[in-house]
Chemist: 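Quick one: the structure is below, and I'll ask about it shortly.
Count residues from 1 along the sequence. Side-chain atoms are counted along with the backbone in the values below, which use heavy atoms only and exclude waters and symmetry mates.
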Amino acid sequence: MTSLLVRDNGTDIGSRTAINFIDGGGITWTITDDAGNGEVEITAAVTFPTTTVRAPVPLNSANLTGLQNTTYYFGGIPSFVPQTAITRVQIPIPVTGTITEVHLRATWGNTPSGNDHLLYVRLNNTTDTLFATTPISTAASVPLQINATGLSIAVTTTDTIAIKWITPATWTTPATNLFWNGFVVIEY
């Protein structure tokens, strides 16, 4: 045998010394004519797709009427109000990877004044990464939605995180009955 006959739905389309095709499962099959000995060799190579896994880590805080010019921390315990000390609200990181996104929603019970608040991911109570500078200034019927993407914060399973929230130096009318909820996305 010197070549393989190639057909497409029963129609001859030519002959080849080798044919490659890929099935839907990521396997490349190669059929080769062994020229002089009349044998046909069939080999396969598997290519596994590389997939990034995205792990959401929940963030929550309970009801709080915040104070101006104050640093608060909150994390994954829904029953805790934001704390002025980070100790009780740090979240252990479940996988080694990279924090790439933070999605937060805030709701409140009044119409607060509109000065900027700073929001950070705090890693191991040492390193802050700013992900939002935003006012909390709309009526209670309009929640604040923050979708911070494009972050690159390396984390391991020995790390902890919390959200660090700094209220404005002048917050004439603070938000009352303020709740935070959302999640951090870790890609690995």
Chemist: Val185 versus His103: any side-chain heavy-atom pair under 4.5 Å?
Modeler: yes

Chemist: So, applying side chain to side chain contact (heavy atoms under 4.5 Å, CB included) with Val102, which one of Leu151, Thr149, Val57 is it?
Modeler: Leu151

Chemist: If you measure from CD1 on Ile136 to OG1 on Thr107, what distance do you get to the nearest 0.5 Å?
Modeler: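 OG1 of Thr107 is found 10.0 Å from CD1 of Ile136.
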
Chemist: Just how far is it from atom CG of Leu123 to atom CD of Gln90, taken to the nearest 0.5 Å?
Modeler: 9.5 Å

Chemist: Does the side chain of Thr98 come under 3.5 Å of the side chain of Thr100 through a donor N or O and an acceptor N or O?
Modeler: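 Absent: no donor and acceptor within the cut-off.
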
Chemist: Calculate, to the nearest 0.5 Å, the distance between atoms CG and CD1 belonging to Leu104 and Ile146 respectively.
Modeler: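 Those atoms lie 5.5 Å apart.
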
Chemist: Decide side chain to side chain contact (heavy atoms under 4.5 Å, CB included) for Ile93 and Ile161; before the verdict, give the C-alpha distance in whole Å, the side-chain angles of both, and the deciding distance to 0.1 Å.
Modeler: CA-CA 7 Å; Ile93 296 297; Ile161 62 165; 3.7 Å; yes

Chemist: Report yes if some heavy atom in the side chain of Glu101 is under 4.5 Å from a heavy atom in the side chain of Asn147; otherwise report no.
Modeler: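 No, too far: nothing below the 4.5 Å cut-off.
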
Chemist: Going by heavy atoms in the side chains, are Pro168 and His117 under 4.5 Å from each other?
Modeler: yes

Chemist: Can you check side chain to side chain contact (heavy atoms under 4.5 Å, CB included) on Val89 and Ile77, steps first, answer last?
Modeler: CA-CA 7 Å; Val89 297; Ile77 303 173; 5.6 Å; no

Chemist: Can any side-chain N or O of Ser113 pair as donor or acceptor with the backbone N or O of Thr172 at less than 3.5 Å?
Modeler: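 Judged by distance alone, yes, a pair lies under 3.5 Å.
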
Chemist: Would you check, one step at a time, whether the test side chain to side chain contact (heavy atoms under 4.5 Å, CB included) holds for Thr127 with Ile153?
Modeler: CA-CA 10 Å; Thr127 306; Ile153 305 168; over 6 Å; no

Chemist: Rounded at 0.5 Å granularity, tell me how far CH2 in Trp171 sits from CG in Asn69.
Modeler: 11.5 Å

Chemist: For a 4.5 angstrom cut-off between non-hydrogen side-chain atoms, does Thr173 reach Thr111?
Modeler: no

Chemist: Does any part of the side chain of Leu64, heavy atoms only, come nearer than 4.5 Å to the side chain of Phe74, both counted from C-beta?
Modeler: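 The answer is no, as the side chains (C-beta and beyond) never meet within the 4.5 Å cut-off.
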
Chemist: Just so I know, are the side chains of Val121 and Ile163 near enough to count as touching, which here means a heavy-atom distance under 4.5 Å?
Modeler: yes

Chemist: Output yes when a side-chain donor or acceptor of Asn110 lies under 3.5 Å from a complementary backbone atom of Thr176, and no otherwise.
Modeler: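 Looks like yes, one N/O pair under 3.5 Å.
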
Chemist: If you measure from OG1 on Thr156 to CG on Asn124, what distance do you get to the nearest 0.5 Å?
Modeler: 7.0 Å

Chemist: Looking only at side chains, do Asn63 and Asn177 share a donor and an acceptor under 3.5 Å apart?
Modeler: yes

Chemist: Please determine which of Tyr73, Trp180, Phe131, Tyr120 meets the ring-ring contact (aromatic ring centres under 6.0 Å, His included) test together with Trp165.
Modeler: Trp180

Chemist: Taking the side chain as everything from C-beta on, heavy atoms only, tell me whether Gln68 gets closer than 4.5 Å to Thr70.
Modeler: no

Chemist: Treating Ile, Leu, Val, Met, Phe, Trp and Tyr as nodes and any side-chain heavy-atom pair under 4.5 angstrom as an edge, say whether Leu118 and Trp108 lie in one connected cluster.
Modeler: no

Chemist: Distance check, rounded to the nearest 0.5 Å: Glu187 atom CD versus Thr51 atom OG1?
Modeler: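 Nearest 0.5 Å value for the CD-OG1 distance: 12.0 Å.
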
Chemist: Which heavy atom of Ala55 sits nearest to which heavy atom of Val95, and what is that distance?
Modeler: CB-CG2, 4.4 Å

